[in-house]
2 protein chains.
Amino acid sequence: MARAKKIPSTTVSRLSVYVRALQKLRNEAVVTTSSEKLAEQVGLTAAQIRKDLAYFGQFGVPGRGYYVENLHNELAMILGINRRWEVALAGVGHLGYALLAYNGFKKQGFDVVVAFDKDPAKIGQTWEGVKIYDIAEARHVLPECGAEIGIIAVPAASAQEACDALVAGGLKSILSFAPGRIIVPPDVTVKRVELAMELEWLSYYATNIGERG
Amino acid sequence: MARAKKIPSTTVSRLSVYVRALQKLRNEAVVTTSSEKLAEQVGLTAAQIRKDLAYFGQFGVPGRGYYVENLHNELAMILGINRRWEVALAGVGHLGYALLAYNGFKKQGFDVVVAFDKDPAKIGQTWEGVKIYDIAEARHVLPECGAEIGIIAVPAASAQEACDALVAGGLKSILSFAPGRIIVPPDVTVKRVELAMELEWLSYYATNIGERG
DNA sequence: GGGAATATGTGAAAAAGTTATCAAATAACC
DNA sequence: GGTTATTTGATAACTTTTTCACATATTCCC
């Protein structure tokens with residue numbers, strides 16, 4: 001992989017959007033598409049799409065466009081989703097359970113294979129086919145189960161502790177639903193999703209009508 | 001509100017971060033802080049924070065910094081979160097139920113007051129104190145219950161239908177957890193959170209180690 | 001009250017990201 | 001096989017966002 005330039009994080013996010021759009025086209029047995037049509041489909045500009053793809057190589061055919069299946073495969077490979085990922089879940093409260101049972105993850109190749117919690121009443125149980133361990137055991141359990149991605153769905157107050165446990169177990173990629181900053185070693189990537197924050201964003205635009213471009 | 005310039009969406013998102021940080025400081029009875037200290041706390045640069053605040057006015061005291069409580073109140077007012085918001089939820093599956101039971105929303109002043117679903121087995125029931133109506137009834141139910149923000153937690157295939165129903169009920173601000181684009185009238189704001197997409201982002205960085213700035 | 005220290009707010013510079021433009025490449029058609 | 005119509009990929013122009021740097025304002029202390 002001889003890519004030199006660093007890729008904007010916004011481009012990576014849009015890659016997911018393209019993959020989703022291409023999946024849809026493939027299901028509809030569409031063979032080719034174009035940056036113009038894709039742009040229309042996902043609500044971006046054609047130039048944006050071509051620019052994004054250009055970071056990674058040349059996938060199109062001038063005069064013709066892109067072969068749906070080919071481009072889908074290429075992008076899936078770039079994103080690293082042409083495989084199955086095993087996921088560890090920390091926190092089996094309401095949100096954690098919802099994530100455990102969420103079909104959208106499995107459909108995209110992300111499989112929760114192990115869960116952790118602090119609650120003795122939950123430890124040892126099996127939910128949705130996933131066994132729940134004591135979070136304190138993560139450092140021992142994780143290396144044996146192959147999970148590479150962690151999801152933190154514990155209350156903010158326990159988030160750092162949960163994260164430390166996952167990192168101690170060897171995870172380097174973590175998706176956190178807990179509000180607030182989490183400190184991790186430099187080789188660990190944390191992506192945060194703060195649900196209340198998304199609502200606050202809406203609140204802002206609802207309060208200040210018309211401020212949006 | 002005599003703001004002329006339009007505010008970057010990234011700035012609005014960071015406002016939420018600042019509010020959260022200030023809440024924490026307030027709980028710790030800290031009276032003043034500075035852009036430098038806040039920056040350290042949230043993991044941004046001091047200049048960034050000052051620039052963000054500058055869009056909205058002058059809140060600091062040169063030589064002293066910011067009064068925690070004052071700045072918190074100002075930002076909460078700007079974000080429109082110095083009040084209670086009533087929220088309508090579409091889709092009471094696993095994810096929907098988790099959101100219904102999620103404390104983080106209520107703590108920040110977002111209260112789910114009504115829910116909708118298509119499943120006859122759920123319609124008419126009351127979960128977590130919230131009554132579930134037929135989504136088809138949204139246009140009649142919503143105007144009576146005062147909800148201003150909608151959350152879509154239905155499968156992708158029903159997302160457009162659910163959104164249409166919420167919009168028909170008068171909602172202008174919608175948070176969608178469904179993958180894919182949703183078409184709405186221009187005066188309706190949709191914020192999307194795609195959980196699988198966040199994992200794909202992690203997958204990318206896990207696959208292409210060291211590509212991150 | 002005056003002087004030193006501190007931290008803001010802002011304008012200018014730099015960096016990053018997006019959009020527009022166009023030459024080059026390919027396909028479709030006659 | 002040559003001509004026309006498409007559509008890419010790349011470069012350039014533009015816009016937005018972030019960082020830098022410093023004059024200005026305020027506090028604190030003597």
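So that the names make sense, note that chain A is the first sequence line, chain B the second, and so on, each numbered from 1.
- One can place CZ of B:Phe59 at 16 Å from P of D:dT26, the figure rounded to the nearest angstrom.
- The residue A:Ser35 sits close only to the backbone: its heavy atoms come under 4.0 Å of sugar-phosphate atoms, none of a base.
- Side-chain proximity of A:Pro62 to the nucleotides C:dA25, C:dT19, D:dT19 is greatest for C:dA25.
- Ring to ring, B:His94 and A:Tyr102 are not that close: their centroids are 6.0 angstrom or more apart.
- Rounded to a whole Å, the CG atom of B:Leu38 is 13 Å from the C1' atom of C:dT8.
- Comparing A:Thr45 and B:Ala46, the nucleotide of DNA chain C nearest to each residue sits closer to the 5' end for B:Ala46.
- Across the protein-nucleic acid pair, B:Glu36 atom CD and D:dC20 atom P stand 11 Å apart, rounded to whole Å.
- Out of C:dT26, C:dG17, D:dA10, the shortest distance to the side chain of A:Pro8 is found at C:dG17.
- Checking D:dT19, D:dA21, D:dT27 against every side-chain atom of B:Arg64, the shortest atom distance belongs to D:dT27.
- If you take CD1 of A:Ile49 and C1' of C:dT18, they are 13 Å apart, rounded to a whole angstrom.
- Following rounding to the nearest Å, A:Asp52 (CG) and D:dT8 (C1') show an atom-to-atom distance of 15 Å.
- Checked against D:dG9, C:dT18, D:dC22, the side chain of A:Tyr66 finds its nearest nucleotide in D:dG9.
- Of all heavy-atom pairs between B:Leu75 and B:Leu22, the closest is CD1-CD1, 3.8 Å.
- Between A:Gln58 and A:Gly63, the residue whose closest nucleotide on DNA chain D is further toward the 5' end is A:Gly63.
- Here the side chain of B:Arg50 is nearest to one of C:dT18, D:dC22, D:dT27, namely D:dC22.
- Using modelled atom types, one finds a donor on one side chain and an acceptor on the other under 3.5 Å when comparing A:Asp52 with A:Tyr18.
- Heavy atoms only, all atoms of each residue included: A:Cys163 and A:Ile182 are closest at SG-CG2, 3.4 Å.
- Side-chain contact, A:Asn27 with A:Gln23: no donor N or O sits under 3.5 Å from an acceptor N or O.
- What separates CG of B:Leu44 from P of D:dT17 is a distance of 15 Å, to the nearest Å.
- Dashed line: the shortest gap from a side-chain N or O of A:Ser34 to OP1 or OP2 of D:dT7 is not under 4.0 Å.
- Distance A:Lys51 NZ to C:dG17 C1': 9 Å, rounded to the nearest Å.
- Going from atom CD of A:Glu40 over to atom P of D:dT7 covers 14 Å, rounded to whole Å.
- The side chain of B:Gln48 lies closest to D:dT19, out of D:dT8, C:dT8, D:dT19.
- When distances run from any side-chain atom of A:Thr10 to the nucleotides C:dG17, C:dA27, C:dT10, the shortest one goes to C:dG17.
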